Amino acid sequence: RLGWVQYDYDNPPGTSNDPSINKGHTDSKGFYTVAKLAITTPTWYGFSGKIMGAGTTDFGLNDPAYESRNFVFNAADPKSYGIVQEAYIKYQQNGNTALVGRQELTTPMVDADDWYMFANSFELAYYANTMLENNLFAFGYFYKMAGVWDSGAYDPQVAPLGGTKFYSMSQASFASQEDKDNADDAGIITGTYQYNDDTNNLQVWNYYASDLYNTLFLQYDFKSKVGGFSYDLGAQFINWKEIGKLADNAELDRAGGSAGRTIDASLYSVRFDGSFNNGINFATGAAKYSDGDGFVSVLGAWGGY
């Protein structure tokens, strides 16, 4: 993967970095390459394995002064790096799937988010059951993640904006550092149910981040066809709610007249996508945020948007 990344904030490096200009962010630009090499085993009695190394470099061509906002290298120490991005053992047979290890994984609110230069990866374990036709039941545990674009990790021994190595899910969250420390490197317990047939697709996901916040994701899509026109009508609801020690701290903050650490918010969305047999298609959508607090702590965390 080859890419040129450029952000123009009207705030060149070395200037006053006026916080009133795009929050003090400085102009950033650079050329990067990402390479991956993977080995996957054959399947033996339902078991298989995979290991994948991934790395990114600029071949020394970029000016480090212009890499503070590119989200490819560690911003505080911009240099090439590599990680073992996937390494797992998987069992899949008769409608049962189990996996343990590291994996680039796509779920609604914890996601590899591979739309940028370097995808997120997670240390996790999960089990999924599809033995009942059109139905999926699954549960799992996310322990750590790596990913500069979506990780809010901070390692005082290395640098802020880490993401170039694996951090606990709580440390990789966008919550305050005090709340991260209170969560004590906790992970995320996840459960899901999905019903999917030719017309209906219902998804229910719940992500319980111990002592931080709970995320509930609901989505329903209705797909149909009228003559030469196919369409997808969908609705979505996401709710984030403080729990455990973060909730206790939020109560103290509210008692003191501050709601800066509160996480209590929702997002409502609808969409209408369609396509015609002549090749013309369209996609429309609308979303509304609730009046709750904490969006800055949750949107984009762990790759989930």
Side-chain angles (χ1 to χ4, degrees), residues 1 3 5 7 22-23 25 28 34 69-72 75 85 103-122 124 126 138 140 142 144-153 161-163 166-176 179-180 187-192 194 201-209 212-221 232-243 246 262-273 283-305:
R1 174 175 294 177
V5 181
Y7 292 88
N22 286 303
K23 299 182 179 180
H25 300 324
S28 300
V34 172
R69 293 288 295 175
N70 282 354
F71 301 103
V72 182
Q85 199 167 34
Q103 187 184 29
E104 287 184 24
L105 186 70
T106 297
T107 78
M109 303 309 297
V110 177
D111 188 4
D113 191 24
D114 197 13
W115 297 94
Y116 204 65
M117 290 299 298
F118 209 107
N120 302 323
S121 183
F122 305 93
L124 73 159
Y126 67 80
F142 292 89
K144 291 184 177 182
M145 75 167 284
V148 175
W149 178 238
D150 290 309
S151 175
L161 288 180
F166 284 82
Y167 297 83
S168 68
M169 299 301 290
S170 55
Q171 284 295 324
S173 74
F174 292 165
S176 73
D179 288 324
K180 295 180 187 186
I188 302 174
I189 301 169
T190 305
T192 183
Q194 182 173 6
N201 186 352
L202 171 67
Q203 300 182 64
V204 181
W205 295 77
N206 196 77
Y207 304 82
Y208 186 90
L212 286 176
Y213 59 91
N214 187 77
T215 305
L216 175 63
F217 176 96
L218 305 175
Q219 180 171 306
Y220 174 73
D221 288 276
D232 180 343
L233 180 62
Q236 184 185 92
F237 170 76
I238 310 173
N239 174 262
W240 299 268
K241 178 64 178 176
E242 62 208 20
I243 55 175
L246 192 150
T262 305
I263 296 177
D264 186 6
S266 299
L267 176 60
Y268 307 84
S269 304
V270 293
R271 75 175 180 192
F272 181 57
D273 302 345
T284 65
K288 178 176 175 55
Y289 296 96
S290 73
D291 294 330
D293 299 305
F295 283 114
V296 69
S297 298
V298 299
L299 289 179
W302 309 312
Y305 294 84

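FYI, the numbering just counts along the sequence from 1. Keep in mind the model is a prediction, meaning the values are calculated, not measured.
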### Query
Is there a donor-acceptor pair closer than 3.5 Å between any side-chain N or O of Q203 and the backbone N or O of Q219?
no

### Message
I want to know whether F71 and W115 have ring centres closer than 6.0 Å.
### Response
no

#### Entry: Heavy-atom check, side chain of Y208 versus side chain of I243, under 4.5 Å
yes

### CA sep, side-chain torsions, deciding dist, call: R271, D221, side chain to side chain contact (heavy atoms under 4.5 Å, CB included)
CA-CA 9 Å; R271 75 175 180 192; D221 288 276; 2.7 Å; yes

## Note on the structure
Heavy-atom closest pair (E104 atom, A112 atom, distance to 0.1 Å) is CB-CB, 4.1 Å

### Query
Given side chains that start at C-beta, do those of I238 and T215 come closer than 4.5 Å, heavy atoms only?
yes

### Any donor-acceptor pair under 3.5 Å from N206 side chain to G191 backbone
no

### Message
For the OG atom of S170 and the CG atom of L246, what is their distance to the nearest 0.5 Å?
### Response
11.5 Å

### Message
Under a plain distance cut-off of 3.5 Å, with no hydrogens placed, do D150 and Y305 share a side-chain donor-acceptor pair?
### Response
yes

### Message
Using only atom types and a distance under 3.5 Å, with no angle test, would you say the side chain of Q194 pairs donor to acceptor with the backbone of A138?
### Response
no

### From T262 atom OG1 to K241 atom NZ, the distance as rounded to the nearest 0.5 Å
8.0 Å

### Message
Take a 6.0 Å sphere around CZ of F237 and say whether it holds more than 12 heavy atoms from other residues, nucleotides or ligands.
### Response
yes

### Expected output: side-chain N70 to main-chain V72 donor-acceptor under 3.5 Å
no

### Message
Test your reading of the model: is there a side-chain donor-acceptor pair from T192 to the backbone of V204, 3.5 Å cut-off?
### Response
yes

### Message
So, taking the atom named CE in M169 and the one named OG1 in T190, what distance separates them when rounded to the nearest 0.5 Å?
### Response
8.0 Å

### Task
Would you mind listing every salt bridge (Lys or Arg N to Asp or Glu O under 4.0 Å) that reaches into residues 296-305, with sequence neighbours excluded?
none

## Note on the structure
Tightest non-hydrogen contact, residues F166 and S121, listed as CE2-O, 3.6 Å

### Query
Looking at V5 and M117, what are the two nearest heavy atoms and their distance?
CG2-CG, 4.2 Å

### Task
Please report the shortest heavy-atom distance between R1 and F118, naming the atom on each side.
NH1-N, 4.5 Å

### Task
Check the pair D179, E242 against side chain to side chain contact (heavy atoms under 4.5 Å, CB included), reporting the backbone distance first and the verdict last.
CA-CA 11 Å; D179 288 324; E242 62 208 20; over 6 Å; no

### Query
Where the side chain of Y116 meets the backbone of W149, is there a donor-acceptor pair that is under 3.5 Å apart?
no

### Query
Under the 3.5 angstrom rule, does the side chain of N201 hit a backbone N or O of Y220 as a donor-acceptor pair?
no

### Query
How far apart are the closest heavy atoms of G163 and Y167, and which atoms are they?
N-CE1, 3.3 Å

### Task
Enter the distance from S173:OG to M145:CE here, rounded to the nearest 0.5 Å.
10.5 Å

### Query
In Å, rounded to the nearest 0.5 Å, how long is the span from CG of D111 to CZ of F122?
6.5 Å

### Query
Do Y207 and T107 have side-chain N/O donor and acceptor atoms under 3.5 Å apart?
yes

### Query
Which value, rounded to the nearest 0.5 Å, describes the distance between D114 atom CG and T106 atom OG1?
8.0 Å

### Summary
For N120 and G303, the nearest pair of non-hydrogen atoms, with its separation, is ND2-CA, 3.7 Å

#### Entry: F142 side chain reached by L105 side chain, heavy atoms, under 4.5 Å
yes

